Number of protein chains: 2
Amino acid sequence: MVENSELRKAGLKVTLPRVKILQMLDSAGLRHMSAEDVYKALMEAGEDVGLATVYRVLTQFEAAGLVVRHNFDGGHAVFELADGGHHDHMVCVDTGEVIEFIDPAIEKRQKEIVAEHGFELVDHNLVLYVRKKS
Amino acid sequence: MVENSELRKAGLKVTLPRVKILQMLDSAGLRHMSAEDVYKALMEAGEDVGLATVYRVLTQFEAAGLVVRHNFDGGHAVFELADGGHHDHMVCVDTGEVIEFIDPAIEKRQKEIVAEHGFELVDHNLVLYVRKKS
DNA sequence: ATGAATGCAAAAACTTTGCATGACG
DNA sequence: CGTCATGCAAAGTTTTTGCATTCAT
């Protein structure tokens, strides 16, 4: 269950749209939802929230670190709850299925590579596009 | 120098717009150009090519394997010449600078991870967001 | 009460498409 | 010459913004 205190902590007023959107992200079956997905889910649930608000709120949630925005291939962004831990993604090009994973070896190498170039790692984005072995 | 034979090989007629766009990608300072970038560069060079054509041609080039399309964070796609070898990217969040790199250890781990999940790797996308060490 | 949040509709940013004209082979 | 490519403008998508109204504190 998502807590309203998370909103307060983020300096966001606890409004109905924000609470509903947060719950939707938490309870909907899909781990990764586009703004449109969230909007449609809210409509079906009888909640009257504007699409513009969904975009605004998701952007605020991202800024607050409550959700993470992903730009997988294919035009539209998807969001997922920032359940604490970081992870990367594997996307099946045939089914669209998304699998989350984390690999310590890769994480470690990334930091090393960046350091070798005189930088520090701020963030990273790794998506593996895969297909079921035939 | 980019060869027209590459176009023929790809089954594309050798037309002025296609040649110019290919040259632009090859000779422009930027390694990664958006459709808009290519269009503006062509305008400045006095070439009269429509933006729609730039999009169409870049899409054809991608299908032909002549260029690679990247969906970095931030709305618009960028293209780069497929100079043979694959590589990943490091983007400086302060300056926008893009550094290309390839790490065998990471490449290897990716294949292993995917295999462990019963998939085969079709493609992947790794972007490290970095900052100059302060 | 008062400043922030919302909803709507309009606009913006990026990309694709329809169609008549023009160019390649 | 026939067909494919182009240019323009119009339409599509996804996301953002202006503004009057409503809501949280």
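Letters A, B, ... mirror the listed sequences (proteins, then strands); counts begin at 1. As the structure is a computational prediction, the values presented were derived from the model and not from experiment.
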Engineer: List the residues meeting side chain to side chain contact (heavy atoms under 4.5 Å, CB included) with V122(B), not counting sequence neighbours, and say none if there are none.
Structural biologist: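 V122(B): side chain to side chain contact (heavy atoms under 4.5 Å, CB included) contacts with V93(A), R131(A).
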Engineer: Ring pair (Phe, Tyr, Trp, His ring centres under 6.0 Å) with F72(A): which residues, sequence neighbours excluded?
Structural biologist: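 In terms of ring pair (Phe, Tyr, Trp, His ring centres under 6.0 Å), with neighbours along the sequence ignored, F72(A) is linked to H70(A), H89(A).
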Engineer: Could you tell me whether A77(B) contacts a base, only the sugar-phosphate backbone, or nothing, with contacts defined as non-hydrogen atoms closer than 4.0 Å?
Structural biologist: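 Sugar-phosphate, backbone atoms only, no base.
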Engineer: Please list, chain by chain and in numerical order, all residues satisfying side chain to side chain contact (heavy atoms under 4.5 Å, CB included) with K9(B), sequence neighbours excluded.
Structural biologist: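 Testing K9(B) for side chain to side chain contact (heavy atoms under 4.5 Å, CB included), a comparison that skips the adjacent residues, returns none.
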Engineer: Going by heavy atoms in the side chains, are F119(B) and E97(A) under 4.5 Å from each other?
Structural biologist: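 Side-chain contact under 4.5 Å: yes.
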Engineer: Look at Y55(A) and dT16(D) and indicate whether a side-chain polar atom (N or O) is within less than 4.0 Å of OP1 or OP2.
Structural biologist: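 The answer is no; no side-chain N or O of Y55(A) sits under 4.0 Å from OP1 or OP2.
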Engineer: Who are the side chain to side chain donor-acceptor pair (under 3.5 Å) partners of R8(B), not counting sequence neighbours?
Structural biologist: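 Applying side chain to side chain donor-acceptor pair (under 3.5 Å) to R8(B) gives none.
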Engineer: Side chains of residues 48-68 of chain A: which donor-acceptor partners sit under 3.5 Å, not counting sequence neighbours?
Structural biologist:
{"unit_1": "T59(A)", "atom_1": "OG1", "unit_2": "Y55(A)", "atom_2": "O", "d": "2.8"}
{"unit_1": "T59(A)", "atom_1": "OG1", "unit_2": "R69(A)", "atom_2": "NH2", "d": "3.4"}
{"unit_1": "Q60(A)", "atom_1": "OE1", "unit_2": "R18(A)", "atom_2": "NH1", "d": "2.8"}
{"unit_1": "E62(A)", "atom_1": "OE1", "unit_2": "R69(A)", "atom_2": "NE", "d": "3.0"}
{"unit_1": "E62(A)", "atom_1": "OE1", "unit_2": "R69(A)", "atom_2": "NH2", "d": "3.2"}

Engineer: Sequence neighbours excluded, which residues qualify as side chain to side chain donor-acceptor pair (under 3.5 Å) partners of N125(B)?
Structural biologist: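 Side chain to side chain donor-acceptor pair (under 3.5 Å) check on N125(B) returns nothing, list empty.
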Engineer: Identify all side-chain donor-acceptor contacts of residues 106-117 of chain A below 3.5 Å with residues at least two apart in sequence or on another chain.
Structural biologist:
{"unit_1": "E107(A)", "atom_1": "OE2", "unit_2": "H86(A)", "atom_2": "NE2", "d": "3.2"}
{"unit_1": "K108(A)", "atom_1": "NZ", "unit_2": "E112(A)", "atom_2": "OE2", "d": "3.3"}
{"unit_1": "R109(A)", "atom_1": "NE", "unit_2": "D103(B)", "atom_2": "OD1", "d": "3.2"}
{"unit_1": "R109(A)", "atom_1": "NE", "unit_2": "D103(B)", "atom_2": "OD2", "d": "3.2"}
{"unit_1": "R109(A)", "atom_1": "NH1", "unit_2": "E112(A)", "atom_2": "OE1", "d": "2.5"}
{"unit_1": "R109(A)", "atom_1": "NH2", "unit_2": "D103(B)", "atom_2": "OD1", "d": "2.4"}
{"unit_1": "Q110(A)", "atom_1": "OE1", "unit_2": "H124(A)", "atom_2": "ND1", "d": "2.9"}

Engineer: Tell me, do L81(B) and L22(B) make a side-chain contact under 4.5 Å, heavy atoms counted?
Structural biologist: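 The answer is yes; the side chains approach within 4.5 Å.
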Engineer: If you measure from the Lys or Arg side-chain nitrogens to the Asp or Glu carboxylate oxygens, is any gap between E120(A) and K133(B) under 4.0 Å?
Structural biologist: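 Between K133(B) and E120(A) there is no salt bridge, as every charged N stays at least 4.0 Å from the carboxylate O atoms.
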Engineer: Taking CD from Q60(B) and P from dT6(D), how many angstroms apart are they, rounded to a whole number?
Structural biologist: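 After rounding, the reported distance stands at 7 Å.
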Engineer: Strictly under 3.5 Å: I want the nitrogen or oxygen pairs between protein and nucleotides 19-25 of chain D, one per line.
Structural biologist:
none

Engineer: Given atom CZ of R69(A) and atom C1' of dT14(D), what is their separation to the nearest angstrom?
Structural biologist: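 Atom CZ in R69(A) sits about 11 Å away from atom C1' in dT14(D).
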Engineer: In degrees, rounded to 10°, what is the bend between the two ends of the helix from dA1(C)-dT25(D) to dG25(C)-dC1(D), using five pairs at each?
Structural biologist: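 Answer for the end axes of this duplex: 30°.
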Engineer: Please work out which residues in residues 38-54 of chain A have a non-hydrogen atom less than 4.0 Å from an atom of DNA chain C and list them by number.
Structural biologist: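 Within residues 38-54 of chain A, the residues near DNA chain C are D48(A), V49(A), G50(A), A52(A), T53(A).
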Engineer: Any chain of hydrophobic side-chain contacts (each under 4.5 Å) joining Y129(A) to L121(B)?
Structural biologist: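 Hydrophobic grouping puts Y129(A) apart from L121(B).
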Engineer: Report all side-chain donor-acceptor pairs from residues 33-40 of chain A shorter than 3.5 Å, counting only partners two or more places apart or in another chain.
Structural biologist:
{"unit_1": "S34(A)", "atom_1": "OG", "unit_2": "E36(A)", "atom_2": "N", "d": "3.4"}
{"unit_1": "S34(A)", "atom_1": "OG", "unit_2": "D37(A)", "atom_2": "N", "d": "3.0"}
{"unit_1": "S34(A)", "atom_1": "OG", "unit_2": "D37(A)", "atom_2": "OD1", "d": "3.4"}
{"unit_1": "S34(A)", "atom_1": "OG", "unit_2": "D37(A)", "atom_2": "OD2", "d": "3.2"}
{"unit_1": "D37(A)", "atom_1": "OD2", "unit_2": "S34(A)", "atom_2": "N", "d": "3.0"}

Engineer: Can you give me the first and the last nucleotide of DNA chain C (5' to 3') that has an atom within less than 4.0 angstrom of a non-hydrogen atom in chain A?
Structural biologist: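 Taking any atom under 4.0 Å from a heavy atom of chain A, the span is dG3(C) to dA9(C).
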Engineer: Can you tell if the side chain of V19(A) reaches within under 4.5 Å of the side chain of V14(A), non-hydrogen atoms only?
Structural biologist: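 Yes, at least one pair of side-chain atoms sits under 4.5 Å.
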